[in-house]
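All remarks here apply to the structure that follows.
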Amino acid sequence: MAGDSDRKRLGSEKDEVSAKRVKKEEDIANNPYLAHMQQDNTMENGSRYSDRLPKGSPFADFERRATTAKQAAKAEEGDNNPFTGEPHSPQYFNILKSRRDLPVHKQRAEFLEMYHKSQILVFVGETGSGKTTQIPQYVLYDELPQLNNKLVACTQPRRVAAMSVAQRVADELDVTLGEEVGYSIRFEDKTGPKTVLKYMTDGMLLREAMHDHMMSRYSCIILDEAHERTLATDILMALLKQLAQRRSDLKIIVMSATLDAQKFQKYFYEAPLLAVPGRTHPVEIYYTPEAEKDYVEAAIRTVLQIHASEPEGDILLFLTGEEEIEDTCRKISLEVDDMIREADCGPMMVYPLYGTLPPHQQQKIFDPAPKPLKKDGKPGRKCIISTNIAETSLTIDGIVYVVDPGFSKQKIYNPRIRVESLLVSAISKASAQQRAGRAGRTKPGKCFRLYTEKAFKEELIEQTYPEILRSNLANTVLELKKLGVEDLVHFDLMDPPAPETMMRALEELNYLACLDDEGELTQLGSMASEFPLDPALAVMLISSPEFYCSNEILSITSLLSVPNIFVRPANRRREADEMKNQFRHPEGDHLTMLNVYHAFKGAEGRGEDVKQWCHQHYLSHRHLKSADNVRTQLRRIMETHEVELVGTDYNDKNYYANIRRALVAGFFMQVAKREGNGKVYRTMKDNNQAVMLHPSTVLQTDYEWVLYNEFVLTTKQYIRTVTGIKPEWLLDIAPVYYDISTWDGQTDVKAALKGVQEKMRRRAAMKATR
DNA sequence: GAGCACTGC
């Protein structure tokens, strides 16, 4: 008995002590006048923080945030690893030698001086400068986060980069990945209690910030590739700018590759700037004397000309999309065959490259160029025809010639009709430079721009518009609210979006009941922000227990969060469509996808070879697996927030109706009504667009009212992934949005809804009298 | 009767 209560008391005392310590750390962190106390070498229990260092570590003599490049160099050259105390491997010294050859190495002392003097630093390093791997290590040797129970974070826009850079830096520091150096990305946290340097995606840091507004785990945050201006980077920049004033102990480094560093500098209160040259080879630029009418045709001509007359070296051609790329691949291959026959040309392998290409096919671009056809024959080369993916995400060594027609598909957002769409648009000067740079990675190269020099100078914009200016911001606004940003209008973003876009987002969130009429986050909104989903999907998922089908809605939500699960090869369209028909549900595409998922899980449960099964049924195994992965993540979040996992019995006559009603709870704003008896539908309210059902839909029954997941703007306006609904449900489930009395225009839709309302009233009255 | 720039949580 006594022992029990003792334990309890001890426990609570310990809690108090640690709470006090946390409080104290917070106080110091928050109070600029206490900043000098940061170097507190004694812990509560009297032991020294430096006891956390391995015996004999040179770090013991380091004064945090006052070290020199010389000290660091000496520590790096020691026999033992200053982090682990273990002897350095021979490999370590080889890598160290190559690290010292990087351009950034020469400026370590200068960097440290600036780092010591300033809270925020802008760092510009072109490709090949070594900034991504070296700067975080320089910081680590000066910051010594292990003595302070903190971490250094370095963000990346892409997962692969976070993973591969972390591995590289772990090797450079001679430590195991996941121990001192780790990474954190969606679905995978490879960090541990010893981690002092963490590479992570920018989106991941943003997620963390939602629960820790002070970002208190970090003593230094490095935003890498800031010039890419992803949504997450832009928000992080604004948050960190704000946070810097409340946390004087927090250091911030913004790293960028382009020369518009002044913009970053100005934004961060004239922060000091350090620029390091890159290491690339010169690239000669050629322009066309006159504008080209057909850029694809011009591109093919240019590639063939290079192949016929330029010395050895691979070619990279930038085009805009899958179809264009596949088509051009075929045309070029055919032409090359002719050239070999007629002109004794060397062989050329042509590879397509785009995001939705399966990974093993993407890998092919790294195959070596083909050998000459005969001994002493002309050398072979490869030609890669790629989307923008080769501009930033993928680097291919050996490219000597770049062909740049000057276009790419870009996302644009029209707040008037609330539609995001892809549009082939002219690239920016910065993009053009980036593309040209791809020719000079291994030796001097050439870039052929299929536009005039005048067009380059006068028509191309300097930088691609940041993502935040091209997106629907409903999700972003919800995140910001959750991040504790009260005043959105005065939130200091580097490029503030159009007020109309902001208004649209607020309005959408208000209809979804994520924000109240005062614009404050509701309980539903707070919960919705916890899910890595668009607000409509999150609201649908959270509401689904009310419709007794959260289990099914969870599956549907996951399926909607991954790329298309149906595969339709160009030469097997009929077979693919027949297979899809096996899963068809007459009431719509959402239910058809659910059928597929159930069949997939069934095959898995029976122990079948699911990869084979997917192949036979023209389904994407990769995307179904990934939906399953998402489902697990979402289910966990549901559990933490006590969103019940329930389902209606499959044999219940309401099984499918319940699911369709739950869809309405999230997507009541994405509804279209058929006009007359034709094929044209019209979307609701101010959206008010004439649309057609996308040809891929399974919907055959003539539904007058449909709900859709996606609005696609191509040659025509389509709605894709469509399910039939009843108008009664709209009035029932979304009465505020479908309040006819506050509805302008669309008299026919209003009249129809009025009729439905009457019918519902009559039915209710009849029920009451019975 | 058509498509899917890219990324991220």
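Proteins get letters first, then strands, A, B, ... in listed order; numbering begins at 1 in each. Every heavy atom of this structure was used, including side-chain atoms; hydrogens, water molecules and symmetry mates were not.
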Which one, [options], comes nearest to the side chain of [X]?
{"X": "A:E467", "options": "B:dA2, B:dC4, B:dT7", "answer": "B:dT7"}
{"X": "A:R158", "options": "B:dC9, B:dG3, B:dG8", "answer": "B:dG8"}
{"X": "A:I389", "options": "B:dT7, B:dC4, B:dA2", "answer": "B:dT7"}
{"X": "A:T387", "options": "B:dA2, B:dC4, B:dC6", "answer": "B:dC6"}

What integer distance in Å separates [X]:[atom1] from [N]:[atom2]?
{"X": "A:D577", "N": "B:dG3", "atom1": "CG", "atom2": "C1'", "value": "13 Å"}
{"X": "A:F187", "N": "B:dC9", "atom1": "CZ", "atom2": "P", "value": "8 Å"}
{"X": "A:N472", "N": "B:dT7", "atom1": "CG", "atom2": "C1'", "value": "17 Å"}
{"X": "A:F711", "N": "B:dC4", "atom1": "CZ", "atom2": "C1'", "value": "17 Å"}
{"X": "A:F531", "N": "B:dG8", "atom1": "CZ", "atom2": "P", "value": "22 Å"}
{"X": "A:I235", "N": "B:dT7", "atom1": "CD1", "atom2": "P", "value": "19 Å"}
{"X": "A:Q434", "N": "B:dC6", "atom1": "CD", "atom2": "C1'", "value": "14 Å"}
{"X": "A:L319", "N": "B:dC6", "atom1": "CG", "atom2": "C1'", "value": "16 Å"}

Original post:
Looking at A:R720, does any N or O in its side chain come under 4.0 Å of the phosphate oxygens OP1/OP2 on B:dC4?
Top reply: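 The answer is yes; a side-chain N or O of A:R720 sits under 4.0 Å from OP1 or OP2.
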Original post:
Think A:R159 has a side-chain N or O under 4.0 angstrom from the OP1 or OP2 of B:dC9?
Top reply: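 So the side-chain polar atoms of A:R159 do come within 4.0 Å of the phosphate oxygens OP1 or OP2 of B:dC9, strictly under.
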For [X], give me all partners under side chain to side chain donor-acceptor pair (under 3.5 Å), at least two apart in sequence or on another chain.
{"X": "A:T302", "answer": "none"}
{"X": "A:D628", "answer": "A:Y597, A:K601"}
{"X": "A:E420", "answer": "none"}

Can [X] and [Y] be counted as having a side-chain donor-acceptor contact under 3.5 angstrom?
{"X": "A:T721", "Y": "A:D589", "value": "no"}
{"X": "A:Y218", "Y": "A:E208", "value": "yes"}
{"X": "A:K482", "Y": "A:S526", "value": "yes"}

Within the structure shown, what part of the strands sits under 4.0 Å from [X] by heavy-atom distance: base, sugar-phosphate, or nothing?
{"X": "A:R568", "answer": "base"}
{"X": "A:L422", "answer": "base"}
{"X": "A:Y354", "answer": "sugar-phosphate"}
{"X": "A:K411", "answer": "base"}
{"X": "A:Q410", "answer": "nothing"}
{"X": "A:T230", "answer": "nothing"}
{"X": "A:I185", "answer": "sugar-phosphate"}

Subject >> B:dG1 base / A:R573 side chain donor-acceptor hit below 3.5 Å >> reply: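 Checked by distance alone, the answer is no.
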**OP:** Flag the pair A:E228 and A:R158 as a salt bridge only when some basic side-chain nitrogen lies within less than 4.0 angstrom of an acidic carboxylate oxygen.
**Re:**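 Here A:E228 pairs with A:R158 in a salt bridge, since their nearest N and O are under 4.0 Å apart.
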**OP:** Map A:F566 and A:K679 onto DNA chain B by nearest heavy atom, then report which one ends up closer to the 5' terminus.
**Re:**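 Nearest nucleotide further toward 5': that of A:K679.
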Subject >> Along DNA chain B (nearest heavy atom to each residue), the more 5'-positioned of A:R470 and A:N475 >> reply: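 By nearest-heavy-atom nucleotide position, the 5'-most residue is A:R470.
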Subject >> Any residue meeting side chain to side chain contact (heavy atoms under 4.5 Å, CB included) with A:T395, in chain and number order, not counting sequence neighbours >> reply: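 Testing A:T395 for side chain to side chain contact (heavy atoms under 4.5 Å, CB included), a comparison that skips the adjacent residues, returns A:R438, A:R441.
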Original post:
Which pairs with one or both residues in residues 557-583 of chain A pass ring-ring contact (aromatic ring centres under 6.0 Å, His included), sequence neighbours excluded?
Top reply: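 ring-ring contact (aromatic ring centres under 6.0 Å, His included) check on residues 557-583 of chain A returns A:F583-A:H617.
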Original post:
Residues from residues 197-213 of chain A sitting under 4.0 Å of DNA chain B, heavy atoms only?
Top reply: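 By residue number: A:T201, A:G203, A:M204, A:R207.
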